[in-house]
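Here is the structure we will look at.
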Amino acid sequence: MVMLLATLFFGSLASWAFLFPENFNAVLPFYELRPMHVSAALFWILTGAVSGILHFRNELFAEKKSNSLAETLFVAIWCTTAIVIFVCYGLKLFGGREYWEFPPVLNIPILVAWALLMVSYYSRVHFSKRPVPQYFLMWCTGILFFLFTFIEQNLWNFPWFRTSYLKEVAVQWKANGAMVGAWNQMIYGTSLYIMVKISGNESLALNKKSYIFYFIGFANLIFNWGHHIYNLPAAGWIRDTSYFISMLEWILFISIVQDFRKSSPKGSEKKHSLPYQFIISSEYWVLANLLLALLMSIPAINRFTHGTHITVAHAMGTTIGINTMILLGSTGYIVKIDELSARTQTRLKFAFVVAQISLSVFWLSLIIAGLIKGYRSVYLDIQDFNTIMQPVLNLLKIMSVAGVFLLLSFGWIGVVYIKKLFSTR
Amino acid sequence: MFLKIWLTLVIAFLVYSGIVYLFADVRHKEEQPDDAVNHGWVLWQQKNCQSCHQLYGLGGYLGPDLTNTASNPYKGRKYMEIFIKNGTAKMPNFHLNDSEVSHIVQFLCWVDKSGSSKVKAESVHWTGTYRIDK
């Protein structure tokens with residue numbers, strides 16, 4: 001939760017530093033704020049995902065034992081590394097690549113911590129339960145593939161991977177793209193688990209359709225990272241494979257639309273539960289972002305959207321709209337946020353609505369900004385960067401104002417969660 | 001059945017990874033980076049240039065994409081050296097020495113040789129994909 005507050009704070013500051021760099025450069029320049037924002041977001045998503053699956057694993061297997069040594073060490077190393085990373089940024093010490101800008105030596109403790117987590121996780125689960133619920137498979141897959149993709153993300157430290165710029169970039173974005181798929185396995189698994197628990201309908205995680213979707217998601221994790229590098233003059237089959245696989249997601253898209261049409265307002269009590277509302281809102285954001293991702297995955301459209309703020313809209317829409325909503329639902333479920341007083345509940349729901357509206361404005365302004373940038377740079381072929389950006393900046397001002405409201409609404413929710421967490425303990 | 005599909009996908013991941021590592025760059029036309037280029041690349045990361053600038057449309061949005069600035073007839077090497085050395089109102093001065101500036105510029109010249117960041121309209125195929133010629 002602290003990382004959520006940090007990513008909101010640094011993200012909001014970074015957006016203003018982007019608009020008025022001359023005012024920030026002497027104190028806290030954009031190139032320092034952006035990695036702070038991104039790293040805090042990564043730690044929020046990963047730590048939130050791991051916290052959820054460890055808690056729910058204990059629930060699922062009726063695990064009463066206290067934390068294992070491996071788990072305690074994981075937490076200690078993980079948190080210490082996060083703090084060291086922020087100290088490095090404060091000292092302007094970088095060295096990594098996009099999203100992992102900290103000095104590369106700090107990847108070692110992260111890797112060690114993750115290995116300890118895996119030891120702890122896999123040693124306390126058993127696969128004898130039949131049929132295996134889909135959320136459990138997603139957690140197991142996510143943990144394993146985070147390890148694979150994290151190692152891959154660091155292959156650039158071996159000189160062979162740096163003998164060609166095209167190869168290096170292809171491997172970098174293969175790792176980045178698949179890693180998002182890995183943490184989505186963990187987070188979507190948690191979302192499904194909570195839906196099962198709230199509805200009491202275990203078949204949600206056992207029906208044939210859910211397994212088909214699991215495999216589509218898995219195939220996307222493996223092959224669908226290519227849309228990040230469509231315009232890179234690397235091998236054409238990377239583009240074609242990604243294009244083909246991503247089009248399979250239309251099946252998901254159509255299915256989600258059908259499910260929305262079929263869904264009826266059953267279980268009025270559940271509808272008022274805040275964790276339930278977070279999970280449901282994430283489904284709307286899945287729909288919106290999936291449509292955006294599908295369009296961006298068509299190379300002919302990607303030609304206009306690549307390198308524009310539409311990419312940012314996609315990243316923000318998924319990390320805030322989907323990942324953060326699910327994690328707030330999951331954390332709220334764990335700390336029993338519904339037990340708070342009616343007055344606090346009302347306030348939380350107000351903040352929830354403000355967050356949804358702010359995120360919608362934030363997301364749409366980025367998309368329009370991206371459309372304008374793509375039109376001016378690709379269609380009009382304007383060469384001068386400042387001329388391209390002039391009309392874009394006004395939309396980014398709207399985005400920054402919406403960002404402040406996101407900070408306030410999610411920030412307040414975060415503070416209430418933290419208070420509840422401590423009172424529960 | 002489930003396990004078989006799962007294992008097949010895991011193996012597919014490993015095999016596909018190997019193929020990407022070996023054959024992602026099919027052109028093999030670019031030069032191998034020398035020490036100066038490699039040092040420029042490290043500096044690019046250590047100064048976190050990617051936070052504000054893009055290469056092939058990947059990176060930040062505060063400054064321009066620098067993939068082909070080196071070969072731009074209106075900009076080029078000297079232009080980049082002046083910007084990197086002095087900064088601008090938007091870009092901080094990183095107080096780099098001449099050798100460091102030169103190495104970053106050499107890195108950017110090397111990247112420039114790997115291809116163009118813009119996809120021409122005529123490259124787009126009717127199926128929606130496109131082919132990129134260097």
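Just so we're clear, the structure is a prediction, and the values are computed from it rather than from any experiment.
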What's the separation between atom [atom1] in [X] and atom [atom2] in [Y], rounded to the nearest 0.5 Å?
{"X": "A:Y214", "Y": "B:L9", "atom1": "OH", "atom2": "CG", "value": "8.0 Å"}
{"X": "B:K47", "Y": "A:F94", "atom1": "NZ", "atom2": "CZ", "value": "9.5 Å"}
{"X": "A:F218", "Y": "B:I5", "atom1": "CZ", "atom2": "CD1", "value": "11.0 Å"}
{"X": "A:Y243", "Y": "B:Y130", "atom1": "OH", "atom2": "OH", "value": "11.0 Å"}
{"X": "A:K167", "Y": "B:S114", "atom1": "NZ", "atom2": "OG", "value": "13.5 Å"}
{"X": "B:S17", "Y": "A:E152", "atom1": "OG", "atom2": "CD", "value": "5.0 Å"}

Do B:V10 and A:F145 have side chains that get closer than 4.5 Å, going by heavy atoms?
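The answer is yes, as the side chains (C-beta and beyond) meet within the 4.5 Å cut-off.
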Does a side-chain heavy-atom distance below 4.5 Å link B:V20 with A:W225?
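Side-chain contact under 4.5 Å: yes.
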Out of B:A89, B:G60, B:G63, return the one with the most heavy atom pairs under 4.5 angstrom to chain A.
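With the most close heavy-atom pairs to chain A, the winner is B:G63.
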Sort out for me which of B:D65, B:L62, B:V119 touches chain A most, counting heavy-atom pairs under 4.5 Å.
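Looking at each option in turn, the highest pair count goes to B:L62.
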What residue in [options] has the most heavy-atom pairs under 4.5 Å with chain B?
{"options": "A:R303, A:E98, A:E22, A:E101", "value": "A:R303"}
{"options": "A:E168, A:Q172, A:M389", "value": "A:E168"}
{"options": "A:L93, A:V378, A:T141", "value": "A:T141"}
{"options": "A:I238, A:L155, A:D240", "value": "A:D240"}
{"options": "A:K92, A:K373, A:H306", "value": "A:H306"}
{"options": "A:A170, A:P159, A:G96", "value": "A:G96"}

Contacting moiety of [X], where chain A heavy atoms sit under 4.5 Å:
{"X": "B:W6", "answer": "both"}
{"X": "B:I19", "answer": "both"}
{"X": "B:K90", "answer": "both"}
{"X": "B:Q50", "answer": "both"}
{"X": "B:V124", "answer": "side chain"}
{"X": "B:T67", "answer": "neither"}

Looking at [Y], is its backbone amide N or carbonyl O close enough to the side chain of [X] to form a donor-acceptor pair, meaning the two atoms are under 3.5 Å apart?
{"X": "A:K174", "Y": "B:Y21", "answer": "no"}
{"X": "A:R239", "Y": "B:T129", "answer": "no"}
{"X": "A:Y31", "Y": "B:P92", "answer": "no"}

Contacting region of [X] [heavy-atom separation from chain B under 4.5 Å]:
{"X": "A:L137", "value": "side chain"}
{"X": "A:W100", "value": "neither"}
{"X": "A:D384", "value": "neither"}
{"X": "A:V312", "value": "both"}
{"X": "A:Y99", "value": "neither"}
{"X": "A:L33", "value": "neither"}

Other residues, nucleotides, ligands: >12 heavy atoms within 6.0 Å of A:F244 CZ:
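No.
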Do other residues, nucleotides or ligands put more than 12 heavy atoms under 6.0 Å from B:N97 CG?
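Atom CG in B:N97 is packed in, count exceeds 12.
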Do the ring planes of [X] and [Y] sit parallel (below 30°), tilted (30 to 60°) or perpendicular (above 60°)?
{"X": "A:F148", "Y": "B:F13", "value": "parallel"}
{"X": "B:Y16", "Y": "A:W237", "value": "perpendicular"}
{"X": "A:H309", "Y": "B:Y61", "value": "tilted"}

Full working for side chain to side chain contact (heavy atoms under 4.5 Å, CB included) between B:N48 and A:R34:
CA-CA 10 Å; B:N48 205 16; A:R34 187 182 179 220; 5.9 Å; no
Specify the closest pair of heavy atoms between [X] and [Y], including all atoms of both residues, with the distance to one decimal.
{"X": "B:G115", "Y": "A:P233", "result": "CA-CG, 4.0 Å"}
{"X": "A:F223", "Y": "B:A12", "result": "CZ-CB, 4.1 Å"}
{"X": "B:D25", "Y": "A:S164", "result": "OD2-OG, 2.6 Å"}

Hey, which of A:L232, A:N231, A:I229, A:T311 is the one that makes side-chain contact (heavy atoms from CB on, under 4.5 Å) with B:L58?
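Of A:L232, A:N231, A:I229, A:T311, side-chain contact (heavy atoms from CB on, under 4.5 Å) with B:L58 is met by A:I229 alone.
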